[in-house]
Amino acid sequence: MPLVVRPIAPSEHAAAAELTATVYRGEGYSSADYEPQLRAVGARAETATVLVAELDGQVVGAVTVATRGGEWAEQSAPGEAVVRMLVVAAEARGSGAGEALVRACLDTARADGCSLVRLSSQESMTTAHRLYERLGFVRTPSFDWSPVPGLHLRTYALPLAPWCGQCGEALTPEGHAACRRSAELDPPRYCARCRRRMVVQVLPTGWTARCSEHGTVSG
Ligand SMILES: [Zn+2]
Ligand SMILES: [Zn+2]
């Protein structure tokens with residue numbers, strides 16, 4: 001049976017939690033403090049999207065992609081997606097499951113209107129780094145961070161759209177710091193896909209911004 005990547009079913013939360021914790025622990029990437037977060041598949045599925053890779057009827061991989069902010073979207077501004085907790089079972093290494101999962105995250109981010117995808121990764125996860133670089137992610141050293149003392153995370157980003165929604169200039173993973181701050185409060189003024197001026201409406205509850213070609217985003 002071919003490899004299939006799809007959203008997780010509620011009945012698979014426990015299996016995906018076990019797989020995620022087992023892979024992280026087996027590779028030495030987990031700690032007692034982190035394991036509850038790794039196992040919180042149900043919580044992730046509520047505010048983000050959890051995808052699984054299925055091979056021969058077995059769940060052999062899982063990943064989380066957060067496209068709407070929230071607790072799983074660390075380091076992100078509005079309009080950015082974050083990929084978290086990519087795991088592939090040892091017996092499925094080399095099957096393409098990891099790549100298929102990350103590609104599905106990019107599709108999800110695009111469908112949710114995100115213009116950039118970010119991720120953080122431990123220094124020793126070199127197989128994953130090669131995959132990210134093959135898919136076009138670039139290093140973003142100015143975003144590297146330490147969630148706990150002694151754990152250094154390297155970061156990557158991949159623009160999905162060419163233009164910055166705030167200033168209308170070419171979007172880069174590391175630049176536009178002021179634009180990222182204003183995106184926390186203000187609607188985009190330019191369409192990230194075509195650079196057209198957006199028609200912006202500010203409402204008491206939020207805002208909408210409409211590109212005549214690419215439709216409406218809201219926040
Ligand atoms: Zn900008
Ligand atoms: Zn547009």
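Just follow the structure's listing: the first ligand is 1, and inside any ligand the first atom is 1. Residue numbers start at 1 and run along the sequence shown.
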May I ask you to say whether E169 pairs ionically with R195, meaning some side-chain N is under 4.0 Å from a carboxylate O? yes

Run the salt-bridge test on R84 and E74 with the 4.0 Å N-O cut-off and return the result as yes or no. yes

Angle in degrees, rounded to 10°, that SG of C167 and SG of C179 form at the Zn ion (ligand 1): 110°

For the atoms SG of C164 and ND1 of H176, give the angle they form at the Zn ion (ligand 1), rounded to 10 degrees.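 Angle SG(C164)-the Zn ion (ligand 1)-ND1(H176): 110°, rounded to 10°.
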
The Zn ion (ligand 2) - name of the N/O/S atom of H214 that sits closest to it: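 This residue's closest N, O or S atom turns out to be ND1.
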
Any idea how Y34 and Y24 line up, ring-wise: parallel (<30°), tilted (30 to 60°), or perpendicular (>60°)? perpendicular

Look at the rings of Y156 and H129 and say which category their plane angle falls in: under 30° parallel, 30 to 60° tilted, over 60° perpendicular. tilted

Kindly report the SG-the Zn ion (ligand 2)-SG angle for C211 and C194 respectively, rounded to 10°.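 Here the angle at the metal atom is close to 100°, to 10°.
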
